[in-house]
Amino acid sequence: MNLLYFDTLPSTNLYLKENYQTLEHLTAVVAKHQTAGRGRLGRDWCDSDDLLMSILLKNDLDSNYLDSLSLVICATIYNVLSKYTTGLEIKWPNDILYKGKKICGILLESVISNHVECLIIGFGININHYDFPYELKNKATSLSIINEKTYDVKKIAQEVLIAFTNDFEKYLQGNKEYLTICKNNSCLIGKKIKYQENEKEQEAEVVDILDNGYILLKINNELVEKRCGEITLHNNFY
Ligand code: BTN
């Protein structure tokens, strides 16, 4: 376990992609600011005194892990943030929300040749972000807005790395605690949603989240397992 700090990087995920060969398994990188922070679906990730962190995995890898690891890190971050606030929910596949507003987004990336060289688990947790741009005001929040105080970002980075190292070990041993946390605190299970995949949108009901990281939906009275597409809730924010 190794934690590297930078003032500014284009992107912590990109840093690990470019340097994974010389870095150890479970090296984590934190930047105070990113100039080209990347979100899912090619979006940007804006930051302001937040936790911008990526963790490198090089051992015991399998490309099938990508989907379930997304749930493992969701559960880790959910547990760490729960020490600072109640009212958090997990939105499959990789967001943490507080009262419907996003407080954390996760972006998993991999480097694959003829095998999986490494997995990179990147996440942005809104910590001391106080002033979101107009278009995000109703969609995003931070620990600072929730509790009206500022936090030590490095301390939270250490807490997340220690907790994830422990959770990843348990995951490799077959422990499914991460799944229970994701299911019990899901904002989707039992809800009617719009499920969007490859630009096609369908109505569905969320039945369950599976341990392979897939979501179980009921579409036109049929049960179907889906990998991470884009989920949209009815009458909702995202
Ligand atoms: C999302 O779209 O919700 C995922 C956002 C992930 C942002 C984090 S910030 C640290 C890491 N480095 C990046 O460039 N992206 C991730």
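Counting starts at 1 for both ligands and their atoms, in listed order.
Taking 4.5 Å as the limit, some side-chain heavy atom of I215 sits within range of a side-chain heavy atom of V206.
The salt bridge (Lys or Arg N to Asp or Glu O under 4.0 Å) check on D67 picks up R227, with sequence neighbours excluded. With sequence neighbours left out, Y171 forms a ring pair (Phe, Tyr, Trp, His ring centres under 6.0 Å) with Y65, Y178.
Ring geometry for Y84 against Y151 counts as perpendicular: the plane angle is over 60°, on a 0 to 90° scale with 30° as the lower cut.
Comment: K99 does not engage E89 in a salt bridge, judged by the lack of any side-chain N to carboxylate O separation of less than 4.0 angstrom.
Within the structure, every pair that satisfies the side chain to side chain donor-acceptor pair (under 3.5 Å) test and touches residues 119-134, not counting sequence neighbours, is listed here: D49-N128, D50-H129, D131-K137.
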Could you list each nitrogen or oxygen of ligand 1 that sits under 3.5 Å from a protein nitrogen or oxygen, with the atom names and the distance?
residue  : atom   : partner : partner atom : Å
ligand 1 : 2 (O)  : R40     : N            : 2.6
ligand 1 : 3 (O)  : K102    : NZ           : 2.6
ligand 1 : 12 (N) : T12     : OG1          : 3.0
ligand 1 : 12 (N) : Q34     : OE1          : 2.9
ligand 1 : 14 (O) : S11     : OG           : 2.8
ligand 1 : 14 (O) : R38     : N            : 2.7
ligand 1 : 15 (N) : R38     : O            : 2.7

